[in-house]
Every structure is written in structure tokens, then in C-alpha cells.
Amino acid sequence: MSNSKFLMMYSQRLATPNDANAIAPLWMAFLEERAQHDLSMVLIPDFDYVSYVKQKLESRSIRTFVLESSENRQIVGFLCVYFHDELPSLNYEGMTHTPFQPRRIGGAIGMYVQPQHRKPEAITLLVQSAIALSEELKITDFDLLISMEQTGVHKLLERFGFKKAAIQYTKHSEIEKSELPRLESPVSEELSVKMPTPSMIPLRDPKTQQPVINPKGKQVFLHPLKNELGENLKSSNGLPIYGTPLRDPQTQEWVFNELGELVICPVVLDEFGKVKEKLGIPLFKKPIYEMVDGKLRLKKDDEGNYLFEE
């Protein structure tokens, strides 16, 4: 069978939140298969994979592509990728200085194709979709972590120009949870992350990855932006749009107003009230800065409101 005829048996597309139920069992099969080769992957019994997948499908920095069988239009595989801008100010342990220039990074979170559909041409469809996305978003570096036993994937990636950059060693140890010493301050262990609604995302401190607490002692969540009618704003791909929190240029801490509310950068709208995008990513207004006593600070108006570029 020629490649052109084979490719007609499969098609790939960008997943939507409505695909969560179909993708969930594939994610479970992917992780169970990986856990057989990686002892460090200990899965939680009776885990809710549908909610797990929905959260990924609603994320602004994650894209999931699905492979469909043309015979019955069933989803038989997926490729989940992420992308983000790696800024020098967002380094480990609160480091604000680094010798490295910013990068726009992409990578794969997971890829799985049902065994009976693991044909090179079918897998190529998924890989090509990720490469096309990286080119569209101007990704400077696409990093992948591939296990040793996936030799077929190694060869496929090399054909697409990927190069082996490192060798990762792992050592797994069985340790009882009761033996774990504390890594963070005691307060971090008392904060439980409870989602008030499935669409809300807990905000975390980039230095410690702990939940953020506002000045009034309440946990902070990001939630989808709404229009004047109270409806969720959605991007061109149908995903909800979450606000971009404002950060202090000196401390890199999240900014709260006098009411203890998280300050969000306003989204950019066109003359028809629709969200403007660039390369599929919603645009937000940039904050206005001013120099005070030689220090860069966020500018406010006479009423104490933070100012943003028009």
C-alpha cells in the first residue's frame, strides 16, 4: 500500500474539550505502559483521568493533537505538547540573574497510539502537527524526553532533524511517605489545593510551586475571563482564556489591589469586542512602568489603579 493511500486512513486535528472522554483512556494506557519501564512512575489507583485531560485541554500553554481513524472516526492516538517563554527573571530558587538569553520552549508531555495503529506514517502525522505548531509559534527550542526502549521514536525524530543532546540516568528508591523530611516551611503543608470549580486553576508561587495566598489569607485561583454578558471568553481554537496576573518588577511577586484581589492584565479586544490574537495566543495589555528613585515601578493613576498600555 502506498503512503498516500495509507494516510487517507488516518487524520490528525487539534483536540477540543469535548474530546476529553475519548482521550482519557488513551492517557491512562500511555502512563500504565510507561510505568512498566520506569519504576519512578507510581500511578494513583482510580485516578480521574477525564478531569486530568480536561485541565490540559483548557490550558493556554498546552495543545493536544488527536489521531483519528478514517474508518470509524474514532480517536486512536494523541500527542500533547506544551510551550512557554523561559524568562531570566523566572529562574530556580528566586534567582533573578542568569547568563542565558530568554528562549521560547516547546516540548511533548505525552504521546500514545493504540498498538494496532502504530504505523510509522500514522505517528508521523502527529509529529508533523507538533513541528508545524512550533514553526507557527516561533519556538526556538523543542525539547523531548524519550525513553530508551522507544527506539522507533528515536529514529523518527532524527529524520525530522532532532539531535540527541543528553543522557538521563534515574535511580528509583522505595521510601515510606512517613519518612519524608520537610523541604518547605510548615505553612506550605497546611495549604490544600481545592478547586472551587473545574474551570479554575490554582495560582502557584514560581519559586516554591506552593499555592498563592492573598493578603486576606485566601487561596488565589485563575478563572476564565468573561465578556459583558457573563460568558467565558474563548480563543479561536475554542479554549477558555485565563487572565495574565501582574507582577512587581522589583520583587517579581504577584500584585494585589487594596481589596486583596489579584491584579490581572486586561485582554486586548478589537472593534467588534473579540479577543485579539497573535499566532493563536491571546494578547494582553502591557503594564506601564515609571522610574522612582532609580527603581522601575508599576505606574498608577491618581485613584491608585494600575495603568496599562492602550
Enquirer: Testing Val268, Leu246, Leu298 for side-chain contact (heavy atoms from CB on, under 4.5 Å) with Phe308, which one passes?
Expert: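 With Phe308 as partner, side-chain contact (heavy atoms from CB on, under 4.5 Å) holds for just one option, Leu246.
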Enquirer: Working to the nearest 0.5 Å, report the span between CZ of Phe142 and OG of Ser134.
Expert: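 The CZ atom of Phe142 sits 6.0 Å away from the OG atom of Ser134.
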Enquirer: Under 3.5 Å, side chain of Asp248 to main-chain N/O of Gln252, donor-acceptor pair present?
Expert: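 A pair under 3.5 Å: no.
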Enquirer: So, for Leu57 and Pro17, which heavy atoms are closest and what is the spacing to 0.1 Å?
Expert: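 The pair with the smallest heavy-atom distance is CD1-CA, 3.7 Å.
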Enquirer: Calculate, to the nearest 0.5 Å, the distance between atoms CD and CG belonging to Gln128 and Leu133 respectively.
Expert: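 Between atom CD of Gln128 and atom CG of Leu133 there are 13.5 Å.
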Enquirer: Does the side chain of Tyr112 come within less than 4.5 Å of Glu33's, by heavy atoms?
Expert: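 A side-chain contact exists here, since the closest heavy-atom pair is under 4.5 Å.
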Enquirer: Considering all heavy atoms of both residues, which atom of Ala20 and which atom of Val50 are nearest to each other, and what is their separation?
Expert: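 So the two residues come closest at CB-O, 4.3 Å.
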Enquirer: Does the ring center of Tyr52 lie less than 6.0 Å from the ring center of Trp27?
Expert: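 Ring centres of Trp27 and Tyr52 closer than 6.0 Å.
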Enquirer: Can Glu253 and Arg247 be said to form a salt bridge (Lys or Arg N to Asp or Glu O under 4.0 Å), step by step?
Expert: CA-CA 5 Å; Glu253 299 290 341; Arg247 307 184 71 165; over 6 Å; no
Enquirer: Is Leu233 close to Pro240 at the side-chain level, that is, under 4.5 Å between some pair of heavy atoms?
Expert: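 No, side chains not in contact.
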Enquirer: Side chain of Arg60, backbone of Tyr242: donor and acceptor closer than 3.5 Å?
Expert: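 It does hold such a pair.
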Enquirer: Return the CE to OG1 distance between Met111 and Thr64, rounded to the nearest 0.5 Å.
Expert: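 If we round to the nearest 0.5 Å, Met111:CE and Thr64:OG1 are 13.0 Å apart.
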Enquirer: Look at the side-chain heavy atoms of Ile, Leu, Val, Met, Phe, Trp and Tyr, link any pair under 4.5 Å apart, and say whether Phe78 and Ile75 land in one connected group.
Expert: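 Per the 4.5 Å side-chain linkage, Phe78 and Ile75 are co-clustered.
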Enquirer: Are Val292 and Leu296 connected, step by step, through hydrophobic side chains (Ile, Leu, Val, Met, Phe, Trp, Tyr) whose heavy atoms are closer than 4.5 Å?
Expert: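 In one cluster with Val292: Leu296, no.
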Enquirer: Do Leu14 and Val66 make a side-chain contact, defined as non-hydrogen atoms from C-beta onward lying under 4.5 Å apart?
Expert: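 Side chain of Leu14 against side chain of Val66, heavy atoms only: no contact under 4.5 Å found.
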Enquirer: Any side-chain heavy-atom pair from Met41 and Leu31 closer than 4.5 angstrom?
Expert: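 SC-SC contact between Met41 and Leu31 confirmed.
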Enquirer: Could you go through the side-chain contact (heavy atoms from CB on, under 4.5 Å) check for Leu125 and Phe65 one step at a time?
Expert: CA-CA 10 Å; Leu125 282 177; Phe65 297 93; over 6 Å; no
Enquirer: So which atom in Ala24 and which in Val53 form the shortest heavy-atom distance, rounded to 0.1 Å?
Expert: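 Residues Ala24 and Val53, closest heavy atoms: CA-CG2, 3.8 Å.
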Enquirer: Output the distance between atom CD (Glu231) and atom NZ (Lys226), rounded to the nearest 0.5 Å.
Expert: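 It comes to 9.0 Å.
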Enquirer: Quick one, Lys54 with Asp19, criterion salt bridge (Lys or Arg N to Asp or Glu O under 4.0 Å). Give me CA distance, side-chain angles, the key distance, then yes/no.
Expert: CA-CA 9 Å; Lys54 283 183 178 179; Asp19 297 318; over 6 Å; no
Enquirer: List the steps and the verdict of side-chain contact (heavy atoms from CB on, under 4.5 Å) for Val275 and Ile241.
Expert: CA-CA 9 Å; Val275 178; Ile241 299 174; 3.7 Å; yes
Enquirer: Run Arg104 and Asp141 through side-chain contact (heavy atoms from CB on, under 4.5 Å) and show every step you take.
Expert: CA-CA 6 Å; Arg104 173 161 286 190; Asp141 299 274; over 6 Å; no
Enquirer: Between Ser11 and Ser70, which heavy-atom pair has the shortest distance, and what is it?
Expert: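 Residues Ser11 and Ser70, closest heavy atoms: N-OG, 4.4 Å.
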Enquirer: If we only count heavy atoms from C-beta on, is the Ser61 to Tyr82 side-chain gap below 4.5 Å?
Expert: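 Counting from C-beta outward, Ser61 and Tyr82 never come under 4.5 Å.
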Enquirer: Check the pair Phe83, Ile105 against side-chain contact (heavy atoms from CB on, under 4.5 Å), reporting the backbone distance first and the verdict last.
Expert: CA-CA 5 Å; Phe83 51 88; Ile105 300 176; over 6 Å; no
Enquirer: Give the intermediate values and the outcome of ring pair (Phe, Tyr, Trp, His ring centres under 6.0 Å) for residues Phe162 and Phe160.
Expert: CA-CA 6 Å; Phe162 286 82; Phe160 278 104; 7.5 Å; no
Enquirer: Answer whether the closest heavy-atom distance between the side chains of Phe221 and Leu203 falls below 4.5 Å.
Expert: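 SC-SC contact between Phe221 and Leu203 ruled out.
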Enquirer: When hydrophobic residues are tied together by side-chain contacts of less than 4.5 Å, even through go-betweens, does Ile62 share a cluster with Leu225?
Expert: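 No, separate clusters.
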Enquirer: Give me the one residue out of Gln116, Gln114, Arg118 that meets side-chain contact (heavy atoms from CB on, under 4.5 Å) with Val76.
Expert: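 Among Gln116, Gln114, Arg118, the one that satisfies the side-chain contact (heavy atoms from CB on, under 4.5 Å) with Val76 is Gln114.
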Enquirer: Report the C-alpha separation of Arg73 and Glu68 in whole Å, then their side-chain angles, then the decisive distance to 0.1 Å, and conclude whether the salt bridge (Lys or Arg N to Asp or Glu O under 4.0 Å) test is met.
Expert: CA-CA 6 Å; Arg73 306 307 301 175; Glu68 289 185 323; 2.9 Å; yes
Enquirer: Does a side chain donor of either His117 or Tyr10 reach within less than 3.5 Å of an acceptor in the other side chain?
Expert: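 Per modelled atom types, His117 and Tyr10 side chains form a pair under 3.5 Å.
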Enquirer: Please determine whether residues Leu239 and Ile23 belong to a single hydrophobic cluster, defined as Ile, Leu, Val, Met, Phe, Trp and Tyr linked transitively by side-chain heavy-atom distances below 4.5 Å.
Expert: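 No, because Leu239 and Ile23 fall into different hydrophobic clusters, even though each may have its own neighbours under 4.5 Å.
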Enquirer: When you compare the side chain of Lys56 with that of Cys80, does any pair of heavy atoms fall below 4.5 Å?
Expert: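 They are in contact (side-chain heavy atoms under 4.5 Å apart), so the answer is yes.
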Enquirer: Indicate the atoms forming the closest heavy-atom contact of Leu26 with Gly77, along with that distance.
Expert: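 Closest pair (atom of Leu26, atom of Gly77, distance): CD1-N, 3.7 Å.
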Enquirer: So, does Glu309 use its side chain to make a donor-acceptor pair with the main chain of Ile288 at under 3.5 Å?
Expert: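 Such a contact is absent between Glu309 side chain and Ile288 backbone.
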Enquirer: Taking the side chain as every heavy atom from C-beta outward, state whether Pro282 and Ser235 have any atom pair closer than 4.5 Å.
Expert: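 Sidechains of Ser235 and Pro282: in contact.
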Enquirer: With rounding to the nearest 0.5 angstrom, report the NE2 to CD1 distance, His84 to Ile139.
Expert: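 Reported value, rounded in 0.5 Å steps: 9.5 Å.
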Enquirer: Group every Ile, Leu, Val, Met, Phe, Trp and Tyr by side-chain heavy-atom contacts under 4.5 Å, then state whether Met28 and Ile109 land in the same group.
Expert: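 Same cluster.
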Enquirer: Between Phe47 and Tyr49, what is the ring plane arrangement, given parallel below 30°, perpendicular above 60°, and tilted in between?
Expert: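 Answer is perpendicular, since the angle exceeds 60°.
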Enquirer: Rounded at 0.5 Å granularity, tell me how far CD in Glu303 sits from CD in Glu258.
Expert: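 With rounding to 0.5 Å, CD (Glu303) is 11.0 Å from CD (Glu258).
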Enquirer: Tell me if a side-chain donor or acceptor on Ser129 pairs with a main-chain N or O of Leu126 at a distance below 3.5 Å.
Expert: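 Between the backbone of Leu126 and the side chain of Ser129 there is a qualifying donor-acceptor contact (under 3.5 Å).
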